[in-house]
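One-based numbering, in listed order, for ligands and for the atoms of each. The chain is numbered in sequence order, starting from 1.
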Amino acid sequence: MKLVDSHCHLDDPKFDEDREQAIERARAAGVERMLAIGTGNGPPDLEVALRLADRYDFLYATVGVHPHDAAKATEETFARLRRLAAHPKVLAIGEIGLDYHYDFSPRPVQREVFARQLAVAAEAGKPVVIHTREAWEDTLAEIRGLPHGGIMHCFTGDAAQARQALDRGFHLSFGGVLTFPKAENVRQAARLAPSDRLLVETDCPYLAPVPHRGKRNEPAFVVETVRRLAEVRGCPPEEVAGITTANFERLCFGPRRLGESTTF
Ligand SMILES: [Zn+2]
Ligand SMILES: [Zn+2]
């Protein structure tokens with residue numbers, strides 16, 4: 001199986017002991033590309049994922065300010081985001097969005113920083129990676145008419161929310177939660193999503209899928225989510241691997257470049 005982990009936090013200190021080995025294990029498990037999320041601890045450091053992407057040709061990066069860190073954003077942050085967004089290994093702007101569960105930054109600040117980063121993505125012609133928690137309606141209100149689409153990362157909504165995101169042109173990215181016994185609503189959403197809008201991710205080091213639940217998550221474990229997604233959709237895991245990989249390619253590299261990446 002050839003797989004993509006479309007969302008991993010490889011800069012996390014939980015990988016300090018064995019980062020290279022974790023990346024090697026992923027490659028050995030068939031994870032041929034990884035999208036490292038560049039939010040880290042927030043501004044001023046916006047390059048935590050790019051530093052990793054510089055070291056591995058199969059590893060790509062995002063840049064962005066997580067809603068938790070929205071209050072740390074300054075004018076300089078947006079200027080640098082605009083510059084970094086043009087970097088060829090930056091595939092998307094994210095993860096950006098709204099988190100009303102923790103409220104680490106005031107909600108009006110979260111909304112402003114989210115909106116400004118959506119504008120950065122539109123200007124750069126790149127998709128967005130959305131983080132949304134207990135803020136669904138406000139998130140939907142912001143993401144109308146995005147020219148380059150995006151990813152609902154770690155999608156844990158139900159079927160109705162899945163339809164709303166799909167109607168807005170979004171891809172749904174499923175992670176470890178899909179494998180949790182109580183997540184039947186998420187599996188329903190995964191069942192109804194059209195094949196060309198599915199992605200898989202780990203969100204490592206968080207949210208390890210069954211049977212690794214409770215342990216540190218790592219990109220190799222995306223295989224378990226692929227297996228579960230295949231069961232849910234009644235098709236072979238190889239098919240889920242194939243479509244999620246092709247979807248990632250199309251969304252992040254664009255139709256023009258799809259033909260160039262056949263060596264992948
Ligand atoms: Zn997130
Ligand atoms: Zn994340």
- For the side chain of R233 and the backbone of A193, is there at least one donor-acceptor N/O pair under 3.5 Å apart? yes
- Message: Just to be sure I understand the site: which N, O or S atoms from the protein are less than 2.8 Å away from the Zn ion (ligand 2)?
- Response: H7 NE2, H9 NE2, E95 OE2, D203 OD1
- Task: Quick one: which residue pairs count as a salt bridge (Lys or Arg N to Asp or Glu O under 4.0 Å) with a foot in residues 212-230, not counting sequence neighbours?
- Result: D18-R216, R25-E218, R216-E218, E224-R227, R228-E231
- Note on the structure: Hits for side-chain hydrogen bond (donor to acceptor under 3.5 Å, both in side chains) against E112, two or more places apart or cross-chain, chain-then-number order -> none
- Message: I'd like to know if the side chain of D99 and the backbone of H68 have a donor-acceptor N/O pair within less than 3.5 Å.
- Response: no
- Task: Ignoring hydrogens and angles, state whether a donor on the side chain of T202 or D5 is under 3.5 Å from an acceptor on the partner side chain.
- Result: yes
- Note on the structure: Hits for side-chain hydrogen bond (donor to acceptor under 3.5 Å, both in side chains) against E47, two or more places apart or cross-chain, chain-then-number order -> R80
